[in-house]
2 protein chains.
Amino acid sequence: MNVTGHTRRPASIRDVATAAGVSYQTVSRVINGHPSVRPTTRERVLAAIDELGFRRSATALALASGRSRAVTVLTANTTHYGYASILQGIEEAARAESYAVGIGVLESADEAAVAAEVRRAAGAGGGLIVIAYDPAGVKALGAVPAELPVVGVVETPASTPDPGRPWVWTDDREAAYQATRHLLSLGHETVHYVAIPSSTRRTSARTSGWRQALREAGAPEPRPVQGSWGPAEGHAAGHELARDPAVSAILCGNDDLALGVLRALHEAGRSVPGEVSVAGFDDAPHSAYLTPSLTTVRLDFTGLGRAAFALLHGVLEEAARIAPHPVSVPELVVRESSGPPPATT
Amino acid sequence: MNVTGHTRRPASIRDVATAAGVSYQTVSRVINGHPSVRPTTRERVLAAIDELGFRRSATALALASGRSRAVTVLTANTTHYGYASILQGIEEAARAESYAVGIGVLESADEAAVAAEVRRAAGAGGGLIVIAYDPAGVKALGAVPAELPVVGVVETPASTPDPGRPWVWTDDREAAYQATRHLLSLGHETVHYVAIPSSTRRTSARTSGWRQALREAGAPEPRPVQGSWGPAEGHAAGHELARDPAVSAILCGNDDLALGVLRALHEAGRSVPGEVSVAGFDDAPHSAYLTPSLTTVRLDFTGLGRAAFALLHGVLEEAARIAPHPVSVPELVVRESSGPPPATT
DNA sequence: GGTCCCCATGTGACCGGTCACAATCCTGGC
DNA sequence: GCCAGGATTGTGACCGGTCACATGGGGACC
């Protein structure tokens, strides 16, 4: 058949129509599964579609119908475990509904840069999902024009949830609370905390869960050490904490920080969990294989991504509207890095 | 000013035209920076654009002009470090050229599922980048219709490179060669290898680089242990190797496998690097903080992603055409996990 | 046999841009 | 004062679909 070398224009519904001897509208009906098309006609059209290798242009569809069946995910990072997993969850859910998924990386938290990126994403049409775990993400979420359908993946829900722009989140407070109680229950006098940066000026959910557990137990409240996201910062924080012989339990804002802390303790010659217990957050894939393996709190990021998409889907299509949102339940995973404090002589 | 509650249709160039008292074509000229527009006119149009909050619809642009300025990345995974970094590199380069980036995950390597995913991606318009490090990716690359612009990120270039569908790759053979030579130079009799799955039936580049180094050194060639991608498989492979007292050096197909191997050796009571040396591949962010920190070969995945985009850009726009492709140079990073073999008594 | 309706199909306009070409304006040269 | 010709601007068609409505062809029913 058509094996001309040069790239030819892909077949349109009018080409198919001509080939099948019907009008373009009939072809449109066939692709959309409209009931009132005579079976013989449908057959002919399908044959023509097959022969010409016709594929409906998503672009034209979006333009003509308004519904674009696309989501753009705005995120500051694609390589960190948590972010990547959320993205994976979104993609999974989107694919099931045959939505296209776009990504935009917020490389800087600079006001203008963020605004530009939001504009780009908005131009793509369709809905938006903003991962607002960090300053760049939070700014982006704030910069989304009011008329755009958007769902935020946030650290903590603000006091006033807007029905038109829903949010999803995990119960970080509860997670930190559980982890801290676990460490306290092992007999530690108190638990130190290496924090991830808070996305907002307010105290992060993780910090407040940690603090609540300490208060309930009447334990002293040491000042949280401000970390960042990666192992390097955890390493620095760990060195600082290793100098204080009173420190016997450390909770870290994520598993990467915990990794750095473990390394620093090792370098300082303090054994884990013999002298110091360490717990992380997220249950990244490698955490189970560290030596010592890491006690951590597992969060369902993939599920979070799926939920975010489901909500957005509800905003975009009335029919798919769902309840404001199910919070996933964090799960404490106890491994080797936590144990009773050293016996005081 | 328009603060009517209901979502109103975004402004089109004709709305802007009316507001500015010019024709829609003039507006089009202004957005595209066409030279022959009188400054005063341009001014008026720009004012109208600003006032109406006009944003040019990417959809309409793509439909009317044919050029879609979009890339879709097909990949089997978004969470693994290598994949995620490539994606990040692609996004970075694409953003610089103001291209939109879409992703499609190949969840199964099943022929039909892969074909469906390719079709979806093709429907999005624009170019394709396929990460073909695994069976699903390889199948996807093969399933891309001939008329679609596509760039493959592959493990090893095949014998016959097609000028119309370029590839990028890292020099995995060289990387494995370097790592193996490093271990041999420390005095190990030979080096065992825990392999990542090969994307094709042929021997992988990493395997052949490893083998070449052994041959050149006249070292015995043990059978590679077939691993997979994650730490769990590395763990299993590590247990197996730990049973053989002759094993004193292990090269792993990636850092995740190496992590599992380290853990298995620890469990078996064999010290690293005292009794056994271990080296990985990729230099994942956590590898430097493991205990012992991991000797590995750093590969520039982000750069690979950028190169992939650059090539695709060249295919899509004549003007941006570039040379077939620069291979990034792998870099050996020696850390604690490798050292001389134990002294034989 | 005529009317009413539903089924199957076709026609024209439109979505928001671009492209090719026509029309108008302005300026310089003679 | 008139005409050529570049600078500006406008008009109509088109990209590949959808939507709203019009049209023709059978039964079913009276």
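Note on naming: letters A, B, ... go to the chains in the order of the sequence lines (proteins, then strands), and numbering restarts at 1 for each one.
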**Request:** Select base, sugar-phosphate, or nothing to describe what A/Leu61 touches, counting heavy atoms under 4.0 Å on all strands.
**Result:** sugar-phosphate
**Prompt:** How close or far is atom C1' of D/dT9 from atom CG of B/Asn32, stated in whole angstroms?
**Reply:** 16 Å
**Message:** Does the plane of the ring in A/Tyr83 sit parallel, tilted or perpendicular to the ring in A/His80? Use 30° and 60° as the thresholds.
**Reply:** perpendicular
**Request:** Would you sort out whether B/Thr26 and B/Thr41 count as a side-chain contact (heavy atoms from CB on, under 4.5 Å), showing the intermediate values?
**Result:** CA-CA 9 Å; B/Thr26 300; B/Thr41 314; 4.0 Å; yes
**Request:** Write down the distance between CZ (B/Arg44) and P (D/dT8), rounded to a whole number of angstrom.
**Result:** 14 Å
**Any B/Arg38 side-chain N or O less than 4.0 Å from OP1/OP2 of D/dA7** = no
**Fill in**
Residue pair A/Phe54/B/Pro39 against DNA chain D: nearer the 5' end by closest nucleotide is B/Pro39
**Request:** Identify whether any heavy atom of A/Arg55 sits under 4.0 Å from a base atom; if not, whether one sits that close to sugar-phosphate; answer base, sugar-phosphate or nothing.
**Result:** sugar-phosphate
**Message:** Over all strands shown, is A/Ser57 touching base, sugar-phosphate only, or nothing at heavy-atom distances under 4.0 angstrom?
**Reply:** sugar-phosphate
**Asked** Under the salt bridge (charged side-chain N to carboxylate O under 4.0 Å, His left out) rule, what pairs show up with a residue in residues 53-76 of chain A, not counting sequence neighbours?
**Response** A/Arg55-B/Glu147, A/Arg69-A/Glu317
**Request:** State which residue, out of B/Glu91, B/Gln88, B/Glu92, fulfils the side chain to side chain donor-acceptor pair (under 3.5 Å) condition with B/Arg306.
**Result:** B/Glu92
**Asked** Where is the tightest heavy-atom contact between B/Asp15 and B/Arg9, given as atom of each residue plus distance?
**Response** OD2-NH1, 3.6 Å
Tell me which donor-acceptor pairs under 3.5 Å the side chains of residues 109-120 of chain B have, and how far apart each pair is, sequence neighbours excluded?
| residue | atom | partner | partner atom | Å |
| --- | --- | --- | --- | --- |
| B/Asp110 | OD2 | B/Ala112 | N | 3.4 |
| B/Asp110 | OD2 | B/Ala113 | N | 3.2 |
| B/Arg120 | NH2 | A/Tyr99 | O | 2.9 |

**Message:** Using a heavy-atom cut-off of 4.0 Å across all strands, would you classify A/Thr59 as base, sugar-phosphate, or nothing?
**Reply:** nothing
**Message:** If you assign each of A/Arg42 and B/Leu63 to its closest nucleotide in DNA chain C, which residue comes earlier from the 5' end?
**Reply:** A/Arg42
**Message:** For a 4.0 angstrom threshold against heavy atoms of chain B, report the outermost contacting nucleotides of DNA chain C in 5' to 3' order.
**Reply:** C/dG16 to C/dA20
**Sugar-phosphate, base or nothing in reach of A/Arg14, heavy atoms under 4.0 Å** = base
**Message:** side-chain contact (heavy atoms from CB on, under 4.5 Å), that's the test. Do B/Thr78 and A/Thr78 meet it? Break it down for me.
**Reply:** CA-CA 8 Å; B/Thr78 62; A/Thr78 62; over 6 Å; no
**Request:** Please work out if A/Arg67 contacts a base, only the sugar-phosphate, or nothing of the nucleic acid, heavy-atom cut-off 4.0 Å.
**Result:** sugar-phosphate
